[in-house]
Amino acid sequence: MKLSKLFLFTTKEFPKDAEIISDKYLRKSNLLVKSHSGFFYYSPLLTRSLHKIRAIIDKEMERAGAQEVLMPILMKKELWEESGRWDNYINAKIMFHLRNRKDVEMCLGPTHEEAFTDFVRRFITSYKQLPIILYQQNTKFRDEIRPRFGLMRTSEFIMKDAYSFDYNQAGLDAAYQTMRAAYKRIFDTIGLHYIIVQADSGAIGGSGSEEFMVTADSGEDTILYCDDCDYAANVEKAESLLDTVIYEETGTAIQKLHTPDIKSVEELVEFTKIPNNQMIKTIIFKMIYEDREKFVAVLMRGDLEINEIKLQNLYDCLEVKKASEEEVVTLTKAQVGFAGPFNLNPEIELIGDHSIKSVKYFLCGLNTTDYHYINVCFGRDIAMPKTYELKLAREHDLCPRCGKQRLKQKMGIEVGHIFKLGTKYSEKMNALILDEAGNKVPMKMGCYGIGTSRIISAAIEQHHDDKGIIWPIAIAPYHITIIPTIDKPGVIIDKAEEIYNKLNDNGFEVLFDDRGVSFGFKMKDAELIGIPYIVVFGKKTVDGLCELTIRKTNQTIEMGIDKLQDFLRDSLNK
RNA sequence: CGGGGUAUAGCGUAGUCCGGCUAUCGCGCCUGCUUUGGGAGCAGGAGGUCGCAGGUUCAAAUCCUGCUACCCCGACCA
């Protein structure tokens, strides 16, 4: 491709509203152009990179035995009501939906479990027809509350989603492992550094799930991991062990303490000099179900935070919200900051985190404004409520698997997520088969997603320098760009074009910068758009020499023009 | 959804507080000449419903009211 013909319009200035480096470079180069909030135009170069990512995924899906299909983007409400997710997604306000002229309500697919399950159940009736894995790479829509970070979080994006169907757990486990291995090959081929972490399965549902996280400071997800034993988890899911705290057996009796307008744990520590791990805070939550609401008070050791996702999973509700100030006042008859396990409104269920079990002689609220109890003991002063794992794991906590090493923290970009769905959809949608014994059983499903378009951002977050993008070879839009230093008719331009034609004819992916702009301009562009090999034809062309710069290392090699093709072939085949 | 902010040429902006001449500057664009090893120089030129609608005024980019879009923080979210 000649650059004089290429639809490429780089700028000198960074876009004003870009926050992360991938978005800055993508939009400075206009490889990516914002249409409106959450929606983008992809330029020709970026589209080439996208196709390369798609092709790598296709190849590995084929190898893993998955078959490509296409599902409708617009789906009927009825299909989503079968799985029970219509209300879920509408309630969460993350789904675009509309009506056609006949007033049939439809949604723009945010994910396709329902469609694939419907497709498969029409034809699969026997265990003998299984296993099956189907996938598509299609446009998805999510009405993001706040699209941001360029291609990282958009309302319209391209995703690869695969679905496996089996008749027993062993089959599902095997499909899951097959896809997991395929994912590793995909991200290795593209050239991304990633961590596989345990994850919460969120609105998709199901049992086990793991996420593939591209590590980058700009990532939106927090990962906790152990260097010793391979434990790694999304903070949403992560567990941890706490250091043992020794509480002195003072035998001191429970006592009511006047704490005027002192509400937060920090203020109480300041006021009472009692350490925060000897306090128990009470947070009131509102669990929202389809048809009802329920209030729950959670007791948590004062130095720890509550993981609301764990809470939501425990109660299996649509949404968990902190109770509003008005609700707290109405329910506890006290100002916010004085809730506690004592004198609690019986409408509120009381539970605790495991961390409260060992705390003795602690401070807590009693639902009376401006007062707290001190020296409270479970068993002596009040019964211990049921406890669950509800705390937010932190960096420096002990690893829950090996118990020895401290957890470390990194930020990650979620580029892949694999789930064992089990029978969540097949049961509700009546996707049944006959097993060996002649019983009708729901199919065991798995689902496996890759953020095809998000990989572009993730790759640039990991591969760039102060000049621009450094595309990994596997997804570079072109591999080589040839730059003549002078555009006037003469030896330089003739030779450069001759080599360009030769490389092109021999199957190389090569650009030729034949624009009538200065040398510096061409170099800046080549670096910004991240072409792996830059070949300059200058004064020494008459001596049969050219210069090759390797974008990644910034290393420049002078070589005979006759040696160039072999050198490039060797380099690209590595 | 709450808080904060922005909207002037393709892009980035000055002017807005304190209303007043032909709306500023840079990049980009067009023509010509000179240039070409790190985003070229000179000369000339085109390009604007000042986000939209209404109001106040002799006079509105500027003041008032309403609306819309976009951005940031939070909440929220595969």
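Below, chain A is the first sequence line, B the second, and so on; all start at residue 1.
- Listed by chain and number, the residues in a ring pair (Phe, Tyr, Trp, His ring centres under 6.0 Å) with A:Phe116 are A:Tyr163 (sequence neighbours excluded).
- Applying the salt bridge (charged side-chain N to carboxylate O under 4.0 Å, His left out) test to residues at least two apart or on different chains, none of the pairs has a partner in residues 445-458 of chain A.
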Base-pair string, RNA chain B, Watson-Crick plus G-U, cut-off 3.5 Å on both distances, | for inter-strand, is (((((((..(((.......[....))).((((((.....)))))).....(((((..]....))))))))))))....
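- Spacing between B:G5 and B:U65 at atom P, rounded to whole Å, works out to 14 Å.
- The interatomic distance linking A:Glu220 (CD) with B:C72 (C1') rounds to 14 Å, in whole Å.
- Within the 4.0 Å cut-off from OP1 or OP2 of B:A75, not a single side-chain nitrogen or oxygen of A:Lys322 is found.
- With the nearest nucleotide of RNA chain B identified for both A:Ile450 and A:Phe149, A:Phe149 has the one nearer the 5' end.
- Remark: A:Tyr448 pairs with no residue by the ring pair (Phe, Tyr, Trp, His ring centres under 6.0 Å) rule, at least two apart or across chains.
- Residues forming a ring pair (Phe, Tyr, Trp, His ring centres under 6.0 Å) with A:Tyr289 (at least two apart in sequence, or on another chain): none.
- A:Asp217 has no carboxylate O lying under 4.0 Å from a charged side-chain N of A:Lys410, or vice versa, which leaves the two without a salt bridge.
- Atom pair A:Tyr41:OH and B:C11:C1' shows a separation of 16 Å (rounding to whole Å applied).
- For the C1' atoms, the distance linking B:C52 with B:A69 amounts to 10 Å, nearest Å.
- A:Phe141 and A:Phe96 have perpendicular rings, their planes meeting at more than 60° on a 0 to 90° scale where under 30° would count as parallel.
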Letter per nucleotide, 5' to 3', of nucleotides 35-40 of chain B [B base touched, S only sugar-phosphate touched, - untouched; heavy atoms, 4.0 Å]: -BBBBS
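- Applying the salt bridge (charged side-chain N to carboxylate O under 4.0 Å, His left out) test to residues at least two apart or on different chains, the pairs with a partner in residues 312-328 of chain A are A:Lys286-A:Glu327.
- Taking the ring pair (Phe, Tyr, Trp, His ring centres under 6.0 Å) definition, one finds that A:Phe39 meets it with A:His36, sequence neighbours left out.
- Between the P atoms of B:C63 and B:G20, the separation comes to 10 Å (whole Å).
- In this structure, A:Ile145 places its CD1 atom 10 Å from P of B:C1, rounding to the nearest Å.
- Per the geometry, CG belonging to A:Asn88 stands 15 Å off C1' belonging to B:C76, to the nearest Å.
- B:C50 and B:G19 have their C1' atoms separated by 15 Å, with the value rounded to a whole Å.
- Rounded to whole Å, the separation between the C1' atoms of B:A61 and B:U49 comes to 12 Å.
- Applying the salt bridge (charged side-chain N to carboxylate O under 4.0 Å, His left out) test to pairs two or more places apart or on separate chains, those with a residue in residues 22-42 of chain A are A:Asp17-A:Arg27, A:Asp17-A:Lys34, A:Asp23-A:Arg27.
- Applying the side-chain hydrogen bond (donor to acceptor under 3.5 Å, both in side chains) test to A:Arg551 and every residue at least two apart in sequence or in another chain returns A:Asp465.
- Residues passing the side-chain hydrogen bond (donor to acceptor under 3.5 Å, both in side chains) test with A:Asp514 are A:Ser4, sequence neighbours excluded.
- Counting to the nearest Å, the P atom of B:C76 and the CZ atom of A:Arg153 are 13 Å from each other.
- Taking the C1' atoms as reference points, B:C18 lies 23 Å from B:U22, given to the whole Å.
- A:Leu224 places none of its side-chain heavy atoms less than 4.5 Å from the side chain of A:Asn234.
- Taking atom CD on A:Glu236 and atom C1' on B:C76, their separation rounds to 12 Å, with Å as the unit.
- Regarding A:Lys16, its NZ atom lies at a distance of 16 Å from the C1' atom of B:C27, rounded to whole Å.
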Contact list (N/O, under 3.5 angstrom) for nucleotides 67-71 of chain B vs protein:
from  : atom 1 : to      : atom 2 : distance (Å)
B:C70 : OP1    : A:Ser37 : N      : 3.4
B:C71 : OP1    : A:Lys34 : NZ     : 2.9
B:C71 : OP2    : A:Ser37 : OG     : 3.1

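- Comparing B:G10 with B:G51, their P atoms sit 13 Å apart, to the nearest whole Å.
- Counting non-hydrogen atoms under 4.0 angstrom, A:Phe157 reaches a base of the nucleic acid.
- For B:A23 and B:G28, the P atoms lie 24 Å apart once the distance is rounded to whole Å.
- A perpendicular orientation is assigned to the rings of A:Tyr183 and A:Phe187, their planes being inclined by more than 60° (bins at 30° and 60°).
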